Participant: 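Take this structure, written in structure tokens, and hold onto it; I'll ask about it next.
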2 protein chains.
Amino acid sequence: MSDAAPEPHWLTEDEMRAWCAWRRIFPLVNAEIARDLGKDSGLSEADYDVLSMLSQCPGRRRRISGLAEHLLWSRSRLSHQLTRMEQRGLVRREEVVADGRGAEVVLTEAGLGTIGAAAPAHLESVRRHLFDLLTPAQLEALIQLGDTITARRADAPPCG
Amino acid sequence: MSDAAPEPHWLTEDEMRAWCAWRRIFPLVNAEIARDLGKDSGLSEADYDVLSMLSQCPGRRRRISGLAEHLLWSRSRLSHQLTRMEQRGLVRREEVVADGRGAEVVLTEAGLGTIGAAAPAHLESVRRHLFDLLTPAQLEALIQLGDTITARRADAPPCG
DNA sequence: ACCATGTAGATGACATGTCATCCACGTGAC
DNA sequence: GTCACGTGGATGACATGTCATCTACATGGT
């Protein structure tokens, strides 16, 4: 048969390089930061995200599904994660009176202490593996990339 | 005690925004692309990466640890991945005569057909979820970010 | 030849994420 | 009231990744 398949719309040279950058740099940098975090504080990035979010919430508590949305996680993922963190005493679940279905997560004292102790080294690690490498223009470019890509999503939650 | 802990070196406003962008956009875009890929072709991104690499190798075969390095994967991860892919008939392992320890992966005919069938839709998906959103300047910025961040790594393998 | 050490790869236990499903409760039409 | 349906959350089965470990072979010093 005369292979009528249309030639796929290949990537340009630049797009190919950008694609490779995209696929490489995030896992690379994140793996380094995650390794530091685990070594310094015994926390995973997921742990840190949850603790960090909660520590900034009024009352250091939040509705579970609100937290999931904010983190862009599935409810299932968060539920599993909270179960593990609860077993380590970092957070606690509490029922909510207003809505018999709902529940909140609360940061425990231990959890608060943990995130407080972990933050400085983590910040330093983020600087060392990412921001120290970037020029101000590149920092700005990264922000713009973020804005552009999240712009489609009407409900993109704020930073946190 | 008089809390002599030095105030951690917090992120600036811009750095915070850049950090949020960093943490959000990659998982976000990749999840979309991965979902498309799975739906269109029944492949995971890991599957696609391996098939894509192999299809570009001379003889469509490669030493396993060379492939792992190139993908920036651990040998263990690749070994598990190849086991699964071998069970699906996408690749085949072969012993290597020159080195009794080593082994090669070979892309099977089925694997070649699979990657060929998957590529067009995948390319289209990558365009739709990423490149169509970016201006030429942003594309360039992404390339530069990649160069900057991988520059430290002397042995950063080429694109692929 | 012999032994210590290094490299290639496989493997098993375990951590984490996904999906489908389940249960309990809320909400609105009737 | 009650019945259908939506929502919040938990859970179990399963896919994938990590680390530690194991085997087999290679290599270099003696």
Side-chain angles (χ1 to χ4, degrees), chain A residues 23 26-28 30-39 41-51 61-88 90-106, chain B residues 23 26-28 30-39 41-51 61-88 90-106:
Chain A
R23 295 302 306 279
F26 288 84
L28 213 59
N30 266 18
E32 293 171 327
I33 293 175
R35 176 175 300 270
D36 282 354
L37 184 59
K39 204 159 290 187
S41 317
L43 296 173
S44 68
E45 285 201 294
D47 296 332
Y48 191 93
D49 286 345
V50 170
L51 293 178
R61 67 179 54 235
R62 179 143 191 188
R63 266 304 272 272
I64 289 181
S65 58
L67 184 56
E69 269 179 56
H70 193 72
L71 289 167
L72 298 179
W73 289 8
S74 69
R75 283 206 293 278
S76 165
R77 173 181 180 187
L78 181 55
S79 183
H80 284 301
Q81 177 73 31
L82 291 181
T83 299
R84 286 170 239 137
M85 292 179 74
E86 196 167 22
Q87 283 164 358
R88 291 191 283 156
L90 297 172
V91 300
R92 185 171 12 99
R93 284 186 235 240
E94 286 185 9
E95 293 177 1
V96 128
V97 284
D99 185 339
R101 299 165 299 182
E104 286 181 332
V105 225
V106 190
Chain B
R23 294 302 307 278
F26 184 79
L28 213 58
N30 263 27
E32 293 170 326
I33 294 175
R35 175 175 301 271
D36 283 352
L37 183 59
K39 203 159 291 186
S41 317
L43 297 174
S44 67
E45 286 201 293
D47 296 332
Y48 191 94
D49 285 346
V50 169
L51 293 177
R61 65 178 54 233
R62 178 141 194 190
R63 268 301 276 271
I64 290 181
S65 58
L67 184 56
E69 269 180 54
H70 193 72
L71 289 167
L72 298 179
W73 288 9
S74 70
R75 284 205 293 278
S76 166
R77 173 181 179 185
L78 182 55
S79 182
H80 284 302
Q81 178 73 30
L82 292 181
T83 299
R84 285 170 241 139
M85 292 179 74
E86 197 169 20
Q87 283 164 358
R88 289 191 284 157
L90 298 172
V91 299
R92 186 170 13 96
R93 283 186 236 240
E94 286 184 10
E95 292 178 2
V96 128
V97 284
D99 185 338
R101 298 165 300 181
E104 286 181 333
V105 224
V106 191

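As the structure is a computational prediction, the values presented were derived from the model and not from experiment. No hydrogens, no waters, no symmetry mates; every other heavy atom, side chains included, goes into these values. Residue numbers start from 1 in every chain, and the chains themselves are labelled A, B, ... in the order their sequence lines are given, proteins ahead of strands.
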Participant: Under the salt bridge (Lys or Arg N to Asp or Glu O under 4.0 Å) rule, collect the residues that match up with B:R101, sequence neighbours excluded.
Facilitator: B:D99
Participant: Could you walk me through whether A:S44 and A:M85 pass the side-chain contact (heavy atoms from CB on, under 4.5 Å) test, one step at a time?
Facilitator: CA-CA 11 Å; A:S44 68; A:M85 292 179 74; over 6 Å; no
Participant: Keeping the roles fixed (side chain from A:T83, backbone from A:S79), state whether a donor-acceptor pair exists under 3.5 Å.
Facilitator: yes
Participant: Side chains of A:P27 and B:F26: closer than 4.5 Å at any heavy-atom pair?
Facilitator: yes
Participant: So, do A:E86 and A:R93 sit near enough that their side-chain heavy atoms are less than 4.5 Å apart?
Facilitator: yes
Participant: Any non-hydrogen side-chain atom of A:E45 less than 4.5 Å from a side-chain atom of A:L37?
Facilitator: yes
Participant: Only counting residues at least two apart or in another chain, list the ones meeting salt bridge (Lys or Arg N to Asp or Glu O under 4.0 Å) with A:E94.
Facilitator: A:R61, A:R92
Participant: Quick one: CG on B:L82 to CG on B:L90, what's the gap to the nearest 0.5 Å?
Facilitator: 10.5 Å
Participant: Return the angle between end axes of the helix from C:dA1-D:dT30 to C:dC30-D:dG1, with five pairs used per end and rounding to 10°.
Facilitator: 10°
Participant: Between A:I64 and A:R101, name the one whose nearest nucleotide on DNA chain D is closer to the 5' end.
Facilitator: A:R101
Participant: Any luck finding a side-chain donor-acceptor pair between B:Q81 and B:R84 under 3.5 Å?
Facilitator: yes
Participant: Apply side-chain contact (heavy atoms from CB on, under 4.5 Å) to residues A:L78 and A:V50 and explain how you reach the verdict.
Facilitator: CA-CA 9 Å; A:L78 181 55; A:V50 170; 4.2 Å; yes
Participant: Can you tell me how far P of C:dT7 sits from CD of B:E69, to the nearest Å?
Facilitator: 12 Å
Participant: If I take atom CD in residue A:E95 and atom C1' in nucleotide C:dG26, what distance separates them, rounded to the nearest angstrom?
Facilitator: 15 Å
Participant: Distance check: side-chain N/O of B:R93 vs OP1/OP2 of C:dA10, anything under 4.0 Å?
Facilitator: yes
Participant: Going by ring pair (Phe, Tyr, Trp, His ring centres under 6.0 Å), name the residues that satisfy it together with B:Y48, two or more places apart in sequence or in a different chain.
Facilitator: B:H122
Participant: Quick one, which residues of residues 73-85 of chain B touch DNA chain C with a heavy atom under 4.0 Å?
Facilitator: B:R75, B:S76, B:S79, B:H80
Participant: 5'-most contact on DNA chain C: B:R35 or A:R88, nearest heavy atom basis?
Facilitator: A:R88
Participant: Please identify the 5'-most and 3'-most nucleotides of DNA chain D with any atom under 4.0 angstrom from a heavy atom of chain A.
Facilitator: D:dG6 to D:dC19
